[in-house]
2 protein chains.
Amino acid sequence: MQKQSVSDCLDPFIELCKKFDLKITPQRCAIYKELTQAKNHPTADEMFTIVKKEFPNISYDTVNRTLLTFAEIGLVDVILTKGGPRRFDPDMENHHHFHCIHCGKIVDFYSDEFDNLGIPDHIQDDFTVYTKRVVLNGVCQKCRKKKGFRDHGIAIQNKK
Amino acid sequence: MQKQSVSDCLDPFIELCKKFDLKITPQRCAIYKELTQAKNHPTADEMFTIVKKEFPNISYDTVNRTLLTFAEIGLVDVILTKGGPRRFDPDMENHHHFHCIHCGKIVDFYSDEFDNLGIPDHIQDDFTVYTKRVVLNGVCQKCRKKKGFRDHGIAIQNKK
DNA sequence: CTATTAAATAGGAATTATTCCTATTTGTCA
DNA sequence: TGACAAATAGGAATAATTCCTATTTAATAG
Ligand SMILES: [Mn+2]
Ligand SMILES: [Mn+2]
Ligand SMILES: [Zn+2]
Ligand SMILES: [Zn+2]
C-alpha cells in the first residue's frame with residue numbers, strides 16, 4: 001500500500017471543515033485541491049473551468065459559493081481590486097500586491113517593513129483591525145518596454 | 001453683478017478638460033460639481049441618482065463613462081474593494097481606507113507613517129510605482145457594539 | 001448496515017453591474 | 001455661421017453574481 005502523495009493530503013482541510021461544521025463533499029475537496037495549486041489570483045470562473053476538468057458536472061454556483069465559504073473560514077482571501085470580477089488569493093501568508101495598470105497583472109511581494117507597520121492610534125481607538133494590506137499601482141517592466149508606451153503617472157521615488 | 005459662489009467655481013475643472021482635449025459639456029460639469037460634494041465613496045449608480053435631480057434626462061452610461069474619464073485624468077480615484085460595484089473617491093489627497101467587514105462602511109484615514117513608507121528595492125527594480133494605498137480590514141465600533149456580535153478574526157496589536 | 005435529516009448541489013432564472021451600439025445632438029474652432 | 005469630431009441618450013448586449021428549488025448526499029444515531 002502506497003503512501004498518498006503530498007498534494008493529495010487533505011487532512012488540514014478536513015480538520016478545518018469539521019471545526020466549522022462543514023460537510024466534507026467531493027466538490028469542496030476538489031476545489032480545495034486546485035486552490036492550493038493556483039499560483040495566480042483566480043476568479044470564480046477560472047476555478048470553475050479548472051475544477052470542471054476533474055469534476056465535469058460541478059456547477060458554477062457551487063464553485064463560487066464554496067470559494068466564498070472558504071473565505072469565511074480563512075482558507076482563502078478575497079483580494080482588493082478596482083472592479084472587475086472578484087479574485088481569490090490562496091496565499092494566506094501576510095503579503096502585498098503590485099497591480100500593473102497597463103496589463104492588469106497582479107504580482108505578490110513580501111516586505112517586513114510593510115508587515116511591521118503599526119496601526120495609527122486614532123484607528124485603534126475606533127476600529128478593531130484584523131488585516132492590513134498594501135497595494136501598489138504602476139507599470140510593470142514588460143509594459144514599460146512595449147513600443148509606444150508613454151508614461152503618465154508620477155513615479156514614487158524613494159529617498160536615498 | 002454678484003461674484004459666483006465658491007462651490008460653482010469650475011475654473012480648475014475647465015482648465016483640466018482643456019489640457020486633455022475634453023469638451024466642456026453641461027453633463028460633465030454637473031457630475032464634477034456633485035463629485036466635489038460627495039463625502040463618501042459613491043458608485044456610478046449613486047452619482048447617477050444624485051445628478052439626475054438637476055439633470056433629469058442624463059443617462060447612466062454618461063455618468064459611468066464620465067467618472068471613468070475623470071479617473072483617467074486624475075480627477076477621481078477608483079478605490080480598492082473586494083468586489084461589488086466600482087466605487088469612486090473624489091478625495092485625491094494621499095490617504096488610506098478602513099473597511100468594516102460587518103457593515104461595509106469605508107472610512108478615510110490619514111497617516112504620515114503610511115505615506116512615508118518606502119517602496120521595497122526589489123519592487124522599484126521591476127516596476128514603476130505610481131501610487132501606494134494601505135487598506136485595513138476589521139470591525140467598526142458601531143458593529144462591535146451590536147447585540148450578538150461575536151469576534152472572529154485576530155486583531156492586530158501594536159507593540160507598545 | 002439502514003433510516004433520518006439537515007446541508008449541499010445542479011441547473012436554471014433572476015438580478016446587478018458594466019459595456020457596447022448607434023442615431024442624434026452639441027461644443028469647438030476656423 | 002458651418003463643418004466636424006466628440007459626446008450623449010436610450011436601449012441592447014454582455015458579464016458577474018446571487019437566488020430559487022427539486023434532488024442528492026454526508027453525517028449521525030439506532
Ligand atoms: Mn497574492
Ligand atoms: Mn477615501
Ligand atoms: Zn504590465
Ligand atoms: Zn461596521
Side-chain angles (χ1 to χ4, degrees), chain A residues 10-11 13-34 41-73 75-76 78-88 104, chain B residues 10 13-32 34 41-73 75-76 78-88 104:
Chain A
L10 292 170
D11 291 357
F13 170 66
I14 288 172
E15 283 317 300
L16 199 65
C17 285
K18 282 184 180 161
K19 181 175 163 196
F20 285 94
D21 291 316
L22 298 178
K23 291 184 181 174
I24 323 277
T25 67
Q27 289 92 336
R28 281 176 177 160
C29 292
I31 294 166
Y32 172 77
K33 266 177 56 186
E34 289 304 331
H41 301 99
T43 63
D45 193 60
E46 286 163 358
M47 286 303 297
F48 176 55
T49 303
I50 293 168
V51 175
K52 223 172 147 64
K53 285 178 196 160
E54 51 179 302
F55 217 116
N57 58 346
I58 197 169
S59 73
Y60 171 83
D61 190 38
T62 294
V63 175
N64 187 242
R65 189 171 15 80
T66 300
L67 289 168
L68 290 173
T69 303
F70 285 178
E72 276 180 14
I73 67 176
L75 206 55
V76 74
V78 176
I79 72 175
L80 296 163
T81 63
K82 295 190 171 192
R86 190 191 283 128
R87 290 189 170 274
F88 297 90
Chain B
L10 292 171
F13 170 66
I14 287 172
E15 284 315 300
L16 199 65
C17 285
K18 283 183 179 163
K19 180 175 163 194
F20 285 93
D21 292 316
L22 298 178
K23 292 183 180 176
I24 323 282
T25 68
Q27 289 91 337
R28 280 176 178 160
C29 293
I31 295 166
Y32 172 76
E34 289 305 332
H41 302 100
T43 63
D45 194 61
E46 284 163 0
M47 286 302 298
F48 176 56
T49 303
I50 293 167
V51 174
K52 225 172 145 66
K53 284 178 196 159
E54 50 178 303
F55 217 115
N57 59 347
I58 197 169
S59 72
Y60 172 84
D61 189 39
T62 294
V63 175
N64 186 244
R65 188 170 18 79
T66 299
L67 289 168
L68 289 173
T69 303
F70 285 178
E72 276 181 15
I73 67 176
L75 206 54
V76 73
V78 176
I79 72 175
L80 296 162
T81 64
K82 294 189 172 192
R86 191 190 283 128
R87 290 189 170 274
F88 297 90

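The chains referred to below are lettered A, B, ... by the order of the sequence lines, with proteins before strands, and numbering in each begins at 1. Since this is a predicted model, take the numbers as computed values, not measurements.
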*Compare all side-chain heavy atoms of B:K53 with those of B:E34 and state whether any distance is below 4.5 angstrom.*
no
*If you find the nucleotide of DNA chain D closest to B:G84 and the one closest to B:T25, which residue's nucleotide is nearer the 5' end?*
B:T25
*Could you list by number each residue of residues 58-72 of chain B showing a heavy-atom separation from DNA chain C of less than 4.0 Å, or answer none if no residue does?*
B:Y60, B:D61, B:N64, B:L68
*asked:* By nearest heavy atom, map A:I24 and B:N57 onto DNA chain D; which one lands nearer the 5' end?
replied: B:N57
*Taking side chain as C-beta onward, heavy atoms only, is A:V78 less than 4.5 Å from A:F88?*
yes
*Leading and trailing nucleotides of DNA chain D with any atom under 4.0 Å from heavy atoms of chain B*: D:dA5 to D:dG10
*Does B:I31 reach the side chain of B:F55, with side-chain heavy atoms less than 4.5 Å apart?*
no
*Near DNA chain C, which residues from residues 43-55 of chain A have a heavy atom under 4.0 Å away?*
none
*Quick one: pull up CD in A:E72 and CG in A:L67 and give me the separation to the nearest 0.5 Å.*
12.0 Å
*Are B:R86 and C:dT19 close enough that a side-chain N or O sits under 4.0 Å from OP1 or OP2?*
yes
_Under the side chain to side chain donor-acceptor pair (under 3.5 Å) test against A:S59, which residue among A:D61, A:T62, A:N57 passes?_
A:T62
*Can you check whether A:H41's main-chain N or O pairs, donor with acceptor, with A:R87's side chain at less than 3.5 Å?*
yes
*asked:* If you define the side chain from C-beta out and look only at heavy atoms, does anything of B:Q27 sit under 4.5 Å from B:T66?
replied: no
*Looking at side-chain heavy atoms only, is the closest gap between B:N64 and B:R86 below 4.5 Å?*
yes
*Parallel, tilted or perpendicular for B:F13 and B:Y32, by the 30°/60° rule?*
parallel
*Between B:P26 and B:P85, name the one whose nearest nucleotide on DNA chain C is closer to the 5' end.*
B:P85
*Can you tell me how far NZ of A:K52 sits from CG of A:D45, rounded to the nearest 0.5 angstrom?*
10.0 Å
*Mind checking B:P56 for me? I need base, sugar-phosphate or nothing, with any heavy atom below 4.0 Å counting as a touch.*
nothing
